[in-house]
Amino acid sequence: MSSLTYLKKYELPPLPYNVDALEPYISKDIIDVHYNGHHKGYVNGANSFVDRVNKVLKGEISAGQYDIQGLLRGLVFNINGHKLHSLYWQNMAPAGKGGGKPGGAIGDLIEKQYGSFEKFKALFTEAANSLPGTGWTVLYYEVENDNLQIMTFENHFQNHIAELPILLILDEFEHAYYLQYKNKRADYVNNWWNLVNWDFADKKLQQVMKK
Ligand code: MN
């Protein structure tokens, strides 16, 4: 059976800008550690769990030698770590080129649902600031109701692979801000708004709306 591929591996995508492109809002040191350390670590972690699952499929690890829930937790945690970071990078633009108010379909939908961009921004910020521990705050497009929804993910969305149409994503793990902001997470959240790549968010929304 030459078409048997087993589970496929993941690759670290290129960072869409230089490591210092987000300064002064997010420092070069943070992006370096975050991308080359943490994101790469999730890709390597996902691939090592893929190897383990494939060994199970090939009969190289037998029943009793692994815990399936543990295997799935490790797999999904690392896959989501990889996917969510890929989105997080793309969802920011170099300082001076991002931020402001969104236009396009996303700007219209935000105004229609939330009343104004300012009200939406206040609610998203409140959600982000209320996240108790480690995780993400996102805006996603709900296809069923043509609806935007704000959500927080604890850790990496537990045991579900994050393939929702995420339009806006904020990393709130300490590694995303601590080197520069220490315990002042709300300052990081405020400054992150200056980096949002609304063009990316709008293109993504238009792609999923067409379906
Ligand atoms: Mn992160």
Side-chain angles (χ1 to χ4, degrees), residues 1-17 19 22 26 29-92 127-128 131-143 149-179 185 188 192 197 200-201 204 207-208 211:
M1 212 203 293
S2 60
S3 60
L4 185 54
T5 63
Y6 296 105
L7 301 195
K8 293 178 189 173
K9 299 228 175 173
Y10 297 86
E11 276 179 36
L12 183 68
L15 193 65
Y17 30 71
V19 285
L22 307 181
I26 303 178
D29 287 351
I30 286 184
I31 300 302
D32 182 26
V33 171
H34 199 171
Y35 172 75
N36 292 305
H38 293 273
H39 188 168
K40 197 175 177 185
Y42 293 123
V43 172
N44 293 341
N47 289 337
S48 91
F49 278 99
V50 163
D51 276 340
R52 295 192 58 195
V53 174
N54 287 342
K55 279 184 180 162
V56 171
L57 294 173
K58 291 171 190 170
E60 292 167 22
I61 302 178
S62 51
Q65 289 183 299
Y66 63 90
D67 156 32
I68 187 68
Q69 281 297 329
L71 215 54
L72 296 181
R73 265 197 302 278
L75 189 67
V76 173
F77 180 82
N78 284 285
I79 290 173
N80 279 349
H82 161 52
K83 284 181 191 289
L84 296 171
H85 282 94
S86 298
L87 279 172
Y88 175 69
W89 307 129
Q90 289 178 290
N91 201 199
M92 292 187 288
L131 185 75
T134 320
W136 304 77
T137 301
V138 305
L139 177 71
Y140 84 100
Y141 178 70
E142 186 193 15
V143 178
Q149 292 284 7
I150 295 169
M151 283 198 307
T152 51
F153 300 162
E154 290 178 22
N155 282 320
H156 288 170
F157 204 18
Q158 303 298 346
N159 256 9
H160 302 277
I161 290 180
E163 291 275 295
L164 295 167
I166 294 170
L167 308 175
L168 194 62
I169 178 162
L170 172 62
D171 189 341
E172 298 191 70
F173 279 59
E174 284 186 348
H175 65 233
Y177 61 89
Y178 215 85
L179 275 178
R185 189 177 73 177
Y188 157 71
W192 167 82
N197 185 340
F200 171 80
K204 181 138 187 204
Q207 278 170 6
V208 285
K211 281 179 192 167

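The figures that follow rest on heavy atoms only: side chains count, while hydrogens, waters and symmetry mates do not.
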Nearest 0.5 Å, what's the [atom1]-[atom2] distance between [X] and [Y]?
| X | Y | atom1 | atom2 | value |
| --- | --- | --- | --- | --- |
| Arg52 | Leu57 | CZ | CG | 13.0 Å |
| Ile150 | Leu170 | CD1 | CG | 11.5 Å |
| Tyr177 | Arg185 | OH | CZ | 5.5 Å |
| Phe200 | Ile169 | CZ | CD1 | 9.5 Å |
| Asp51 | Leu75 | CG | CG | 11.0 Å |

Side-chain heavy-atom pair [X], [Y] within 4.5 angstrom cut-off:
| X | Y | result |
| --- | --- | --- |
| Asn80 | Ile161 | yes |
| Tyr6 | Val50 | no |
| Leu15 | Tyr17 | yes |
| Asn47 | Val43 | yes |
| Tyr141 | Lys204 | no |
| Tyr66 | Lys55 | no |
| Asn78 | Tyr10 | no |
| Val56 | Leu71 | yes |

Which heavy-atom pair separates [X] from [Y] by the least distance, and what is that distance?
| X | Y | result |
| --- | --- | --- |
| Leu72 | Asn159 | O-OD1, 4.1 Å |
| Thr134 | Leu131 | C-CD2, 4.1 Å |
| Gly70 | Phe49 | O-CE2, 4.3 Å |
| Ala127 | Thr152 | O-CG2, 3.9 Å |
| Ile26 | Ala176 | CG2-O, 4.5 Å |

Return yes when atom [atom1] of [X] has more than 12 non-hydrogen atoms of other residues, nucleotides or ligands closer than 6.0 Å, and no otherwise.
| X | atom1 | value |
| --- | --- | --- |
| Gln65 | CD | yes |
| His160 | NE2 | no |
| Lys8 | NZ | no |
| Gln149 | CD | yes |
| Lys9 | NZ | yes |

Can you tell me if Asn54 uses its side chain to pair, donor with acceptor, with the backbone of Leu7 under 3.5 Å?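 Between the backbone of Leu7 and the side chain of Asn54 there is a qualifying donor-acceptor contact (under 3.5 Å).
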With a 6.0 Å cut-off on the ring centroids, do His38 and Phe173 count as close?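 Between Phe173 and His38, which both carry aromatic rings, the centre distance is not below 6.0 Å.
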Show every donor-acceptor pair shorter than 3.5 Å between a side-chain atom in residues 81-88 and any protein atom, with sequence neighbours excluded, or say none if there are none.
| from | atom 1 | to | atom 2 | distance (Å) |
| --- | --- | --- | --- | --- |
| His82 | ND1 | His39 | NE2 | 3.0 |
| Lys83 | NZ | Glu163 | OE2 | 2.8 |
| His85 | ND1 | Gly81 | O | 2.6 |
| His85 | NE2 | His34 | NE2 | 3.0 |
| His85 | NE2 | Asp171 | OD2 | 3.0 |
| Ser86 | OG | His82 | O | 3.0 |
| Tyr88 | OH | Tyr188 | OH | 2.8 |

Assess the residue pair Tyr35 and Leu12 against the criterion (side-chain contact (heavy atoms from CB on, under 4.5 Å)); give the C-alpha distance rounded to whole Å, side-chain angles, the decisive distance to 0.1 Å, and a yes or no. CA-CA 9 Å; Tyr35 172 75; Leu12 183 68; 3.6 Å; yes
Stepwise, does the side-chain contact (heavy atoms from CB on, under 4.5 Å) test hold for Ile166 with Phe153? CA-CA 12 Å; Ile166 294 170; Phe153 300 162; 4.0 Å; yes
